[in-house]
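For the numbers below, each heavy atom of this structure counts, side chains included, while hydrogens, waters and symmetry mates do not. Quick caveat: nothing in here was measured; it's all calculated off a predicted structure.
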Amino acid sequence: MDDGEFKATVNFIQEIINQDKKTNKHNGRVHLRFPPEPNGYLHIGHAKSICLNFGLAAQNGGLCNLRFDDTNPSKEDVEYIDSIINDVRWLGFDWEGRLFYASDYFEKMYDYAVSLIKAGKAYVCDLSPEETRKYRGSFKEPGRESPYCNRSVEENLDLFRRMRAGEFPDGSRVLRAKIDMSSPNLNMRDPVLYRILKATHHRTGDKWCIYPMYDYAHPLEDYYEKITHSVCTLEFEDHRPLYDWVLNALNLLDLPQQIEFARLNLTNTVMSKRRLRRLVEEGYVTGWDDPRIPTIAGLRRRGYTSEAIRNFCDRIGVAKTNSVVDIRFLEYCIREDLNIKAPRVMAVLKPLRLVIDNYPHDMVEEMESENNPEDSTAGNRKVPFSRILYIEREDFCEDPPKKYFRLAPGREVRLKNAYIIRCEEFVRDEKTGEIKEIHCTYDLESKSGMPGAKRKVKGTLHWVSADHALKAEVRLYDYLLLDQNEGVEEQEEGEDFIKQIKPNSLEVLDDCLVEPSLAGAASGNRYQFMRKGYFCVDPDSTSDKLVFNRIVSLRDTWDRILKAEKN
RNA sequence: UGGGGCGUAGCCAAGUGGUAAGGCACGGGAAUUUGGAUCCCGCAUUCGAAGGUUCGAACCCUUCCGCCCCAGCCA
């Protein structure tokens, strides 16, 4: 997958693993996990984490589990579990049966909490959420001890048992760790371990009405699964002392090590679960698999390959610096992959009728065409050619600017895999002034493969035969957000990222014409529409009407020249 | 404001005391029946800043500056 010119440099996590292997920490075992909360769809930021965790395991002869961190039933749902499992598998990773749920450990976690209480390291606190916040203090001020922090072990045990039994309403009591209310790290000011939540859990049903908090549950989950390296994102750095505290308070051995790295940000798009959910729920996009959003489902529908995504993730690097990766790098990765894989076909997106006046009326020639010049095993196909063709509207210009190599009055151009033609005249719609049709003559010595084809001609155009072409709908996607840098996290108070959405991030082309070899193209198939880009058959496609998504355009040097001249 | 992190090119990112890798983007050129792909060439006298240590500093020390995260009974 990544052999060839690209060589990954050893990242800092691999360095830690190298060191641990050297000192035989964990007896040389390497065991990681990808621990999503099932409260949303996976996006390419998760893909970075998935590739990192599973990749590190693979590179080190280790293991990687898939684990759902389902400790908050009020936000989670099986819909998300199913989609996450599907996405991780689609990305190409295998947890080899080690699929776990935090909820599987609730009983053990409860028992550990009881031992914490017995050891005098946890207590039941009756403060309300508001009071708890006040007692916690601030960055400036130390917190104050809870009036309940010195309850007897017996009373704590009794209260905690009754919390579990459902005797108290939501929010009335919590179990707290007894650590240090004056710690400069707010996470250590007697953090909440368990809260009462009378919600039906998607897996345990109504068995529980108390649920462990992340800070308590996560280190235990890692411990139960014998995780050696617990990789998470930067915002958990402040939680590491608590992660370690839980494990140490219980006197556990062979402990996992939490290591934090920077999450992925991409330009021109949104990446937070909150924002993606908003786009979906408020109808700015058509669903979690809308090809404009960077969810795995969206990228997949758009036509991205898992290889390209993995490659991207492997190449962006792993570090602790907050960064925003240019989305054009992702585009580079998919073009690189599809350049080798995607068969070439001809498709005219915005058709302009072209008549070859000196070509016989009823003649049809089958033009031999290479399926993929980058792949000698891809073979050839025949494409029908006749007197009336369609070319791309933008491939003709009445009054061409300099450096324009395409068709213009009196000019010659090559039709890909066919003949060299000359534009003799064009017909204008009298009412609209729009150019309706162009008339050409062809050089019958210039057919591809013949000696006469060797003549140098500036431009080569793609085309379809009017009588043979298939109608198609093509969906062109643009970046979701206007400003390049608004892919970063939260904005100023009151600023709404919704305002940054491009009004025309989706353009639907209804009257496209594609070559007949595309008849019956299966959903998910990818092609290069020559000179236009890479396209993927959408699930909406039917035998009556083909529907394609543009995955990414080809690099367009002409377009760049035009833009450069504007500036 | 207390704590925790991070500053190397437009964007990622190596570099760990011996004189700034690589990729993307960008610019130029070659070749070309895709203005694609490919191939060449160019692109940081300097590493957030200033001092110091050293024969030698992006790397070590000091001070300063900037950015990110934390005051959920979310994860």
Side-chain angles (χ1 to χ4, degrees), chain A residues 5-11 35-37 39 69 71-72 74-75 125 127-129 132-134 136-143 170-176 183-189 191-197 211 213-215 217-218 232-241 260 262 267 273 315-333 335-336 339-340 344 346 370 373-374 403-406 414-418 420 448-449 453-454 456-462 484 488-489 528-533 553-561 564:
Chain A
E5 72 284 352
F6 167 67
K7 284 201 189 73
T9 50
V10 173
N11 66 54
E37 183 190 13
N39 69 344
D69 211 355
T71 58
N72 185 354
S74 68
K75 293 188 173 175
C125 178
L127 254 23
S128 71
T132 305
R133 179 163 27 85
K134 284 179 190 147
R136 188 158 32 228
S138 67
F139 293 148
K140 254 186 187 155
E141 323 241 326
D170 285 11
S172 60
R173 285 182 229 261
V174 293
L175 183 73
R176 289 230 251 167
S183 170
N185 181 345
L186 305 215
N187 293 123
M188 300 299 271
R189 320 243 260 227
V192 173
L193 267 23
Y194 269 91
R195 78 285 215 183
I196 300 171
L197 210 57
Y211 291 94
M213 299 287 290
Y214 170 88
D215 285 317
H218 210 88
C232 63
T233 42
L234 251 29
E235 68 271 25
F236 292 102
E237 232 158 357
D238 285 342
H239 295 243
R240 194 170 60 227
E260 311 84 12
T267 61
K273 273 186 188 175
R315 293 201 255 202
I316 51 178
V318 179
K320 300 192 70 158
T321 315
N322 283 314
S323 60
V324 184
V325 175
D326 193 328
I327 198 160
R328 290 178 299 180
F329 187 51
L330 214 211
E331 295 177 342
Y332 168 83
C333 290
R335 284 192 187 107
E336 178 192 49
N339 180 43
I340 311 163
R344 274 57 171 169
M346 291 195 285
E370 221 179 351
E374 303 295 325
K403 289 190 189 166
Y404 185 85
F405 305 156
R406 284 110 101 142
R414 185 190 305 276
L415 294 177
K416 178 76 181 173
N417 296 131
I420 293 170
S448 290
K454 294 224 163 73
K456 294 285 175 211
V457 187
K458 273 271 178 78
T460 301
L461 309 187
H462 61 282
Q484 221 203 22
V488 215
E489 280 318 304
Q528 185 196 96
F529 288 179
M530 266 188 288
R531 304 207 304 133
K532 292 272 98 180
S553 67
L554 253 28
R555 263 177 92 228
D556 190 345
T557 313
W558 173 239
D559 190 54
R560 288 215 302 265
I561 291 170

*Asks:* Look up atom CG in A:Leu330 and atom CZ in A:Arg335, then write down how far apart they are to the nearest 0.5 Å.
*Replies:* 10.5 Å
*Asks:* Using salt bridge (charged side-chain N to carboxylate O under 4.0 Å, His left out) as the criterion, list what pairs up with A:Arg173, not counting sequence neighbours.
*Replies:* A:Asp126
*Asks:* Nearest-Å distance, CG (A:Asp326) to C1' (B:rA13)?
*Replies:* 14 Å
*Asks:* Can you tell me the distance, in whole Å, between the CD1 atom of A:Ile316 and the C1' atom of B:rC11?
*Replies:* 12 Å
*Asks:* Does any nucleotide pair with B:rA58 by Watson-Crick or G-U wobble geometry, both distances under 3.5 Å, and what is it?
*Replies:* none
*Asks:* Base, sugar-phosphate alone, or nothing: which one does A:Phe529 contact when heavy atoms must sit under 4.0 Å apart?
*Replies:* nothing
*Asks:* Roughly how many Å apart are B:rG7 and B:rC12, using the P atom of each and rounding to a whole number?
*Replies:* 12 Å
*Asks:* Could you work out the separation of B:rA31 and B:rC40 based on their C1' atoms and round it to a whole Å?
*Replies:* 11 Å
*Asks:* Go through B:rU33, B:rG4, B:rG36 for me and flag the one nearest to the A:Glu237 side chain.
*Replies:* B:rG4
*Asks:* Can you tell me how far C1' in B:rG29 sits from the matching atom in B:rG22, rounded to whole Å?
*Replies:* 23 Å
*Asks:* Side chain to side chain contact (heavy atoms under 4.5 Å, CB included), that's the test. Do A:Glu374 and A:Arg344 meet it? Break it down for me.
*Replies:* CA-CA 10 Å; A:Glu374 303 295 325; A:Arg344 274 57 171 169; 3.7 Å; yes
*Asks:* Taking the nucleotide of RNA chain B with the nearest heavy atom to each, does A:Ala319 or A:Lys454 sit closer to the 5' end?
*Replies:* A:Ala319
*Asks:* If pairing requires Watson-Crick or G-U wobble contacts with both distances under 3.5 Å, which nucleotide is the partner of B:rG36?
*Replies:* none
*Asks:* Does any N or O in the side chain of A:Thr321 come within less than 3.5 Å of the main-chain N or O of A:Ser323, such that one atom is a donor and the other an acceptor?
*Replies:* no
*Asks:* How are the rings of A:Phe329 and A:Tyr332 set to each other: parallel, tilted or perpendicular (split at 30° and 60°)?
*Replies:* parallel
*Asks:* Tell me: CG of A:Leu554 to C1' of B:rU34, nearest whole Å?
*Replies:* 7 Å
*Asks:* Along nucleotides 70-75 of chain B, 5' to 3', which nucleotides get a B, which get an S, and which get a -, given that the test is a protein heavy-atom distance under 4.0 Å?
*Replies:* BBSBSB
*Asks:* Please determine whether any donor N or O and acceptor N or O are separated by less than 3.5 Å between the side chain of A:Ser448 and the base of B:rU33.
*Replies:* yes
*Asks:* Can you tell me how far P of B:rA37 sits from NZ of A:Lys416, to the nearest Å?
*Replies:* 14 Å
*Asks:* Roughly how far apart, to the nearest Å, are B:rC68 and B:rG27 at atom C1'?
*Replies:* 34 Å
*Asks:* B:rC67 pairs with which nucleotide, Watson-Crick or G-U wobble, both distances below 3.5 Å?
*Replies:* B:rG5
*Asks:* Can you see if the side chain of A:Thr321 gets near the phosphate of B:rC12 - specifically, an N or O under 4.0 Å from OP1 or OP2?
*Replies:* no
*Asks:* Nearest 0.5 Å, what's the NZ-NE2 distance between A:Lys416 and A:His462?
*Replies:* 12.0 Å
*Asks:* Under 4.0 Å between any heavy atoms, over every strand shown, what does A:Glu374 touch: base, sugar-phosphate, or nothing? Just pick one.
*Replies:* base
*Asks:* Strictly under 4.0 angstrom, non-hydrogen atoms only: write out the protein contact profile of nucleotides 26-31 of chain B, one letter per nucleotide from the 5' end, B, S or -.
*Replies:* SS----
*Asks:* Looking across every strand, which nucleic acid part, if any, lies under 4.0 Å from A:Ala453 by heavy atom: base, sugar-phosphate, or nothing?
*Replies:* base
*Asks:* Across all strands, who's sitting opposite B:rA25 as a Watson-Crick or G-U wobble pair, both distances under 3.5 Å?
*Replies:* none
*Asks:* Does A:Arg414 use its side chain to pair, donor to acceptor, with the backbone of A:Ala453 at less than 3.5 Å?
*Replies:* yes
*Asks:* Quick one: on RNA chain B, does A:Leu234 or A:Asp559 contact a more 5' nucleotide (nearest heavy atom)?
*Replies:* A:Leu234
*Asks:* Applying the Watson-Crick and G-U wobble criteria at under 3.5 Å, what pairs with B:rU46? Answer none if nothing qualifies.
*Replies:* none
*Asks:* Using atom types as modelled and distance alone, determine if a side-chain donor or acceptor of A:Arg195 lies under 3.5 Å from a backbone N or O of A:Gly171.
*Replies:* no
*Asks:* Roughly, in whole Å, what's the span from NZ in A:Lys532 to P in B:rG35?
*Replies:* 11 Å
*Asks:* When you compare B:rG17 with B:rC55, how far apart are their C1' atoms, in angstrom units rounded to a whole number?
*Replies:* 12 Å
*Asks:* Is the base of B:rG29 syn or anti, where syn means the angle lies within 90° of 0?
*Replies:* anti
*Asks:* For the pair made of CZ in A:Arg335 and P in B:rC24, what is the distance, rounded to whole Å?
*Replies:* 12 Å
*Asks:* In whole angstrom, give me the gap between the C1' atoms of B:rU8 and B:rA57.
*Replies:* 14 Å
*Asks:* Quick check: does any side chain N or O of A:Ser448 sit under 3.5 Å from a backbone N or O of A:Ala418, one acting as donor and the other as acceptor?
*Replies:* yes
*Asks:* Atom CD1 of A:Ile561 and atom P of B:rG35: how far apart are they, to the nearest Å?
*Replies:* 11 Å
*Asks:* I'd like the P distance from B:rG42 over to B:rC24, given in whole Å.
*Replies:* 16 Å
*Asks:* Do A:Met213 and A:Leu193 have side chains that get closer than 4.5 Å, going by heavy atoms?
*Replies:* no
*Asks:* Between B:rU46 and B:rG10, how many Å separate the two P atoms, rounded to a whole number?
*Replies:* 13 Å
*Asks:* Are A:Glu260 and A:Lys320 within salt-bridge range, i.e. N to O under 4.0 Å?
*Replies:* yes
*Asks:* With a 3.5 Å distance limit and no angle check, can you tell me whether A:Asp326 reaches the backbone of A:Thr267 through a side-chain donor-acceptor pair?
*Replies:* no
*Asks:* Among the nucleotides B:rA25, B:rA37, B:rG35, which one has an atom lying closest to any side-chain atom of A:Asn339?
*Replies:* B:rA37
*Asks:* A:Phe329 on top of B:rG23's base, within under 5.5 Å and under 30°?
*Replies:* no
*Asks:* Checking all strands, does A:Ser323 fall into the base, sugar-phosphate, or nothing category for heavy-atom contacts under 4.0 angstrom?
*Replies:* sugar-phosphate
*Asks:* If I take atom CG in residue A:Asn11 and atom C1' in nucleotide B:rA14, what distance separates them, rounded to the nearest angstrom?
*Replies:* 12 Å
*Asks:* Over all strands shown, is A:Glu141 touching base, sugar-phosphate only, or nothing at heavy-atom distances under 4.0 angstrom?
*Replies:* nothing
